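A quick write-up on the structure given underneath.
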Amino acid sequence: MTDPVKDRIIVALDLPTRKDALQIVDALGDDAQIVKVGAILFTEAGPSLLDELKKRGKRIFLDLKFHDIPNTVAGAVRAAARRGVHMLTVHAAGGQAMLEAAREAAGPDGPDVVAVTLLTSLVSEDVEQVFGRSPVSLVDEVVRLASLAVSAGLPGVVASPTEVKPIKRSHGDVLKVVTPGIRLPGDDPADQSRYATPEDAARAGADFIVVGRSVTGAKDPAAAFDAVARSFASGERA
Ligand code: C5P
């Protein structure tokens, strides 16, 4: 059954083994429709895990953040499309030719290719160090990288909750914004330096939220998922 709120909550399965991941998926049941498989789990469990998740009726967000020459990224996107992946990430910093190659490889019926702008763990000093420019406004940098995604015809970007509004202001609804860095009130931010509650992310206009440790690290993951959904829904109504 589709649910307009729960279908926009992506659970990040950043767990060490296939068994741990499937345990969480089973504990969450039908409420969690979209699951994110990232570098940790994919490297450990391999692509066959994607088939198992599909068997359980899940839509897969493959978050391997491809960043390579266009030909290599296109091949990786085609492989993901053959596995029936629903959504995948590439780094906007890979450049326009790479982003276009990814979109073309996905084709009209393949996965939605979304571009990672700046990782939510980065602070201004990191960005200065990496790109060699100062001073850097993180928001300006994210909006600039999002325009690369628009030029390449991609349907979405990944950005922190605080960057959703500026992206929507510049690019309107052309881009769906996927926002990690989500924490329930009272949760440990851990390594996220730009984070928000689901409610605030919804208020800012986030199309999808990605929630990892707040759900997978909770004593009762299903209850935590429910709390995320309630918070997201109340932000939508605001
Ligand atoms: O546990 P937590 O909720 O912080 O997990 C966030 C997830 O979103 C992780 O899988 C992380 O790799 C991912 N992510 C992120 N920042 C980005 C892109 C993806 O945190 N810019």
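This one's a predicted model, so the numbers in the text were calculated from it and none came from an experiment. Whatever order the structure lists ligands and atoms in, that order sets their numbers, starting from 1.
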With a cut-off of 3.5 Å and sequence neighbours excluded, list every side-chain donor-acceptor pair involving residues 144-152.
from, atom 1, to, atom 2, distance (Å)
R144, NH2, E141, OE2, 2.8
S147, OG, R144, O, 2.6
S151, OG, S147, O, 2.9

Query - Amino acids in close contact with ligand 1, where any non-hydrogen atom sits under 4.0 angstrom away - result: A12, D14, K36, D63, K65, L118, L119, T120, V158, P180, R183, Q192, V210, V211, G212, R213
Query - SB check R56 D26 (cutoff 4.0 Å) - result: yes
Report summary line: Sorted by chain and residue number, the side chain to side chain donor-acceptor pair (under 3.5 Å) partners of T117 (sequence neighbours excluded) come out as none
Pairs of donor and acceptor atoms involving the side chains of residues 92-100, under 3.5 Å and at least two apart or interchain, shall be tabulated with distances.
from, atom 1, to, atom 2, distance (Å)
Q96, NE2, E100, OE2, 2.9

Query raised in the report: Any ion pair linking D112 and R59 (charged N to carboxylate O, less than 4.0 Å)?
Result: no
Query raised in the report: Rounded to the nearest 0.5 Å, how far does CZ of R83 lie from CG of L53?
Result: 11.5 Å
